[in-house]
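Have a look at the structure below before the remarks.
Start at 1 with the first residue, then count along the sequence.
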Amino acid sequence: MTSEQLDTLAQRAADAAPEWAGMEPRLRARALVAVADALEDAQSDLIAVASQETGLTEARLAGELKRTAVQLRLFADVIVDGSYLDVRIDEADDAFALGVRPDLRRYRVPVGPVLNFAASNFPFAFSVLGGDTASALAAGNPVIVKAHSGHPELSVRTAEVANRALAEVGAPDGILQLISGQEAGVTMLKDPRIAAASFTGSIRAGRMLADIAAARPAPIPFYGELGSVNPAFVTSAALAENADAIADGFVASVSGSAGQLCTKPGFLFVPAGQGFAEKVAERGSGIAEHRMLNPGIASGYGDRRDTILGTDGVTALAEGAVRIDEDGQGWATPTFVRVPVKNLVAQRERLREEAFGPLAIVVEYDDESELVPVAEMLFDGNLTGTVHLADGEDSEPVRSLVQWLTSHVGRVLFGGWPTGVAVTPAMQHGGPYPATTLDSGTSVGTAAISRFLRSVTYQSAPEALLPEPLRDDNPWGVPQHRSPAGESLNWGSAALSSR
């Protein structure tokens with residue numbers, strides 16, 4: 001795309017921003033629902049294109065498209081509810097405990113045009129109409145999507161479906177636009193009209209873009225999801241109680257969608273000498289090969305797999321394979337390996353990086369007390385961490401492990417597996433670096449909307465000049481948390497009464 005074309009797109013987004021932000025909540029919500037309906041109406045055509053471009057199964061894509069439509073409708077409900085605006089009103093109070101208090105009214109406003117770098121591995125749920133786009137639109141911001149090169153035709157068609165639906169309900173022109181190409185993405189990221197950006201992809205690319213966002217004359221927030229190995233830990237008691245089910249779930253979680261999921265468990269810590277590795281070897285062999293998303297991912301995965309298999313102390317349980325067909329497309333079968341914990345520590349520089357594909361490392365440990373010290377040496381921030389316990393199990397090593405996970409991951413699971421992220425209000429999909437560049441937000445669930453809002457306070461403002469959510473007559477009907485005059489005289493009463 002030319003610089004002139006990119007400039008035109010950026011200006012269209014900037015021009016549309018005030019109208020979209022000021023639109024009555026029910027009208028903005030209706031626009032999101034219309035897009036969700038249109039997406040489902042076009043499901044057959046879109047899934048056919050997505051399957052051809054990505055190699056993902058129709059069943060997986062159908063589920064992902066449904067998830068995308070559901071999260072659009074979920075954000076529509078969030079808009080109508082209005083709690084996300086976090087309206088706080090402190091009435092003027094001459095008798096305030098710290099002196100005269102003016103009338104103060106605070107709420108959240110849209111940040112402005114958002115740039116979303118689409119992901120390769122979720123062509124619906126983290127792409128043109130994925131969670132980043134949905135949450136930014138719901139917050140009242142226009143969105144420019146940088147299409148992923150792994151599914152270009154699908155990106156164009158999805159944007160066309162969405163924009164037809166938006167036009168039919170009277171949404172402002174320019175609130176959803178599409179660009180393509182790395183150079184175009186970088187140029188748009190530097191544009192002063194872009195107020196925030198989101199990204200899902202590799203650590204290398206994400207860090208480069210995050211640095212660009214931070215180096216702008218006016219830096220902007222950059223919400224990048226970069227890399228995660230999602231360690232999982234199994235206690236001796238849990239393995240004795242539930243070994244077969246743990247092995248089944250682990251192999252399924254690693255091999256699903258050819259392991260091309262940001263939440264795939266890359267390391268599983270199990271007690272040595274209990275035969276678990278043999279169960280993984282049995283289940284991990286003979287799984288049908290799966291096409292990988294694109295040749296670049298297949299090549300990178302093949303290199304990473306070779307490094308792991310060639311490391312001292314690593315033993316293959318199910319060696320799998322990677323092949324390139326006559327069309328240049330990559331295919332893979334799962335690879336599972338095991339390594340004693342002492343070898344993992346000794347070879348950590350070769351082993352601890354993410355393998356984006358169907359590969360996982362079974363780590364055999366001797367005593368649960370060593371898990372936290374080993375984890376501290378091996379892992380930085382991650383999206384998830386999982387603990388498998390026996391029914392009712394509680395011990396000091398377990399508590400220490402849970403505490404460590406709480407400070408190093410965004411989601412702590414007790415049982416189950418981290419693949420399959422529920423789109424719900426309580427979901428946290430983010431974590432300390434390098435899982436994400438800013439771990440204050442989530443890219444899944446309704447809390448994702450907060451990333452694309454900023455807070456503004458109006459002091460002693462005339463009623464006629466207040467935004468609708470801050471007015472006493474509250475025409476939008478949003479929740480308002482009020483601190484009436486005289487309230488400060490009773491501060492501390494709740495704490496005193498609890499003694």
Begin from the C-alpha positions of Thr386 and Asn230 and carry the test side-chain contact (heavy atoms from CB on, under 4.5 Å) through to its verdict. CA-CA 8 Å; Thr386 302; Asn230 309 297; over 6 Å; no

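- Applying side chain to side chain donor-acceptor pair (under 3.5 Å) to Arg105 and the options Asp472, Asp90, Thr457 leaves one that passes, Asp472.
- Side-chain contact check for Ser198 and Asn116: at least one donor-acceptor pair (N or O, by modelled atom type) lies under 3.5 Å.
- At distances below 3.5 Å, not a single donor-acceptor pair connects side-chain atoms of Asn382 with backbone N or O atoms of His408.
- Arg73 places a side-chain heavy atom less than 4.5 Å from the side chain of Asp37.
- Between Leu56 and Asn121, the closest heavy-atom pair is CD1-O, 4.0 Å.
- The backbone N or O of Gly227 sits nowhere less than 3.5 Å from a side-chain atom of Glu354 that would complete a donor-acceptor pair.
- Here the straight-line distance linking atom CG of Asp191 with atom CD1 of Ile144 works out to 7.5 Å at 0.5 Å rounding.
- Using a distance-only test at 3.5 Å, with no hydrogens or angles considered, a donor-acceptor pair links the side chain of Asn474 to the main chain of Val478.
- Within a 6.0 Å sphere centred on CD of Gln480, heavy atoms belonging to other residues, nucleotides or ligands number more than 12.
- Under the 4.0 Å criterion applied to side-chain N and carboxylate O atoms, Asp7 and Arg193 are assigned as salt-bridge partners.
- Here the closest heavy-atom approach between residue Pro123 and residue Leu61 is recorded as CG-CD2, 3.7 Å.
- In summary, the side chains of Ser253 and Thr419 do present a donor paired with an acceptor at a separation below 3.5 Å, with no hydrogens or angles considered.
- Heavy-atom contacts from other residues, nucleotides or ligands closer than 6.0 Å to CD of Gln403 number 12 or fewer.
- Screening residues 446-469 for ring pair (Phe, Tyr, Trp, His ring centres under 6.0 Å), with sequence neighbours left out, gives Tyr223-Phe452.
- Aromatic ring orientation, Trp417 versus Phe250: tilted (interplanar angle from 30° to 60°).
- In this structure, Thr158 contributes its side chain and Val128 its backbone to no donor-acceptor pair below 3.5 Å.
- Using cut-offs of 30° and 60° on the angle between ring planes, the pair Phe267 and Phe379 is perpendicular.
- Between Asp380 and Arg352, no side-chain nitrogen of the basic residue sits less than 4.0 Å from a carboxylate oxygen of the acidic one, so the salt-bridge criterion is not met.
- For Glu225 against Ser443, the heavy-atom pair with the smallest separation is OE1-OG, 3.6 Å.
- The closest donor-acceptor contact from the side chain of Thr68 to the backbone of Glu64 lies under 3.5 Å.
- Residues Ala184 and Ile179 share a closest heavy-atom pair of O-CD1, 3.8 Å.
- For the pair Val254 and Pro265, the tightest heavy-atom approach, listed with the atom from each and the gap, is CG2-O, 3.6 Å.
- Within the structure, every pair that satisfies the ring pair (Phe, Tyr, Trp, His ring centres under 6.0 Å) test and touches residues 147-198, not counting sequence neighbours, is listed here: His148-His151.
- Around atom CD of Glu183, no more than 12 heavy atoms belonging to other residues, nucleotides or ligands sit under 6.0 Å away.
- Under the 4.0 Å criterion applied to side-chain N and carboxylate O atoms, Asp211 and Arg207 are assigned as salt-bridge partners.
- To the nearest 0.5 angstrom, Phe222 atom CZ is 12.5 Å from Ile194 atom CD1.
- In Asp473, the CG atom is crowded: over 12 heavy atoms of neighbouring residues, nucleotides or ligands sit closer than 6.0 Å.
- Stacking of Arg60 on the aromatic ring of Phe122 is recorded, both the 6.0 Å distance cut-off and the 45° axial limit being met.
- Between the CD atom in Glu468 and the CZ atom in Arg471 there is a gap of 5.5 Å [rounded to 0.5 Å].
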